[in-house]
Amino acid sequence: MKHDHNAHHRMMIRDFRKRFFISLAISIPIIILSPMIQGILKFSFSFTGSSYVLFALSTGIYFYGGWPFLSGFTGELKKRQPGMMTLIALAISVAFVYSSAVVFGFEG
């Protein structure tokens with residue numbers, strides 16, 4: 001059975017596009033709840049537990065939107081050939097861990 005390389009790439013592009021637009025939609029409430037954005041735009045909107053809602057939404061984006069990079073990272077490490085997936089996975093992971101630490105009490 002022959003593997004259709006082009007069909008695989010088309011499927012990957014569709015998957016990336018879907019993940020991008022879903023992550024983009026989830027980003028809207030994240031931006032609204034972000035204290036930094038509120039400071040820049042000079043408005044205030046918060047409620048009890050809003051930082052935990054912000055964390056939950058961000059966690060969803062990290063794992064759902066970042067999954068292709070995180071899985072690509074593990075593949076690159078298994079081959080001992082770090083590349084672009086490793087770079088992107090490292091960048092999103094550092095940002096996610098730092099933001100999570102700030103939510104749970106570390107100085108940001």
Backbone N/O of Gly66 and side chain of Arg19: donor-acceptor pair under 3.5 Å: no
Paired with Phe69, the ring-ring contact (aromatic ring centres under 6.0 Å, His included) test is passed by just one of Phe63, Tyr64, Phe16, namely Phe16
Any idea which heavy atoms bring Ser23 and Ile61 closest together, and the distance? O-CD1, 3.4 Å
Which atom pairs, one a donor and one an acceptor, fall under 3.5 Å between side chains of residues 41-58 and the rest of the protein, sequence neighbours left out?
{"from": "Ser50", "atom 1": "OG", "to": "Phe47", "atom 2": "O", "distance (Å)": "3.1"}
{"from": "Ser58", "atom 1": "OG", "to": "Leu54", "atom 2": "O", "distance (Å)": "2.8"}

Other members of the hydrophobic cluster containing Phe20, with the 4.5 Å side-chain heavy-atom rule, please. Phe21, Leu24
Enumerate, atom names and distances included, each donor-acceptor pair closer than 3.5 Å involving a side-chain atom of residues 93-108, sequence neighbours excluded.
{"from": "Ser93", "atom 1": "OG", "to": "Tyr62", "atom 2": "OH", "distance (Å)": "2.7"}
{"from": "Ser93", "atom 1": "OG", "to": "Ala89", "atom 2": "O", "distance (Å)": "2.7"}
{"from": "Ser99", "atom 1": "OG", "to": "Ala95", "atom 2": "O", "distance (Å)": "3.0"}
{"from": "Ser100", "atom 1": "OG", "to": "Phe96", "atom 2": "O", "distance (Å)": "2.8"}

Is there a donor-acceptor pair closer than 3.5 Å between any side-chain N or O of Glu76 and the backbone N or O of Gly83? yes
Spell out, yes or no, whether Ile32 and Ile26 are grouped together once hydrophobic residues are joined by side-chain heavy atoms under 4.5 Å, including indirect joins. yes
Cluster link Leu90 to Phe73, ILVMFWY, side chain under 4.5 Å: no
Measure the spacing between CD1 of Ile31 and CE of Met36 and express it to the nearest 0.5 Å. 9.5 Å
What distance separates Leu33 CG from Ile28 CD1, expressed to the nearest 0.5 Å? 12.0 Å
Could you tell me the separation between the CG atom of Leu77 and the CE atom of Met85, rounded to the nearest 0.5 Å? 12.5 Å
Can you tell me how far apart CZ (Arg10) and NE2 (His8) are? Round to the nearest 0.5 Å. 11.5 Å
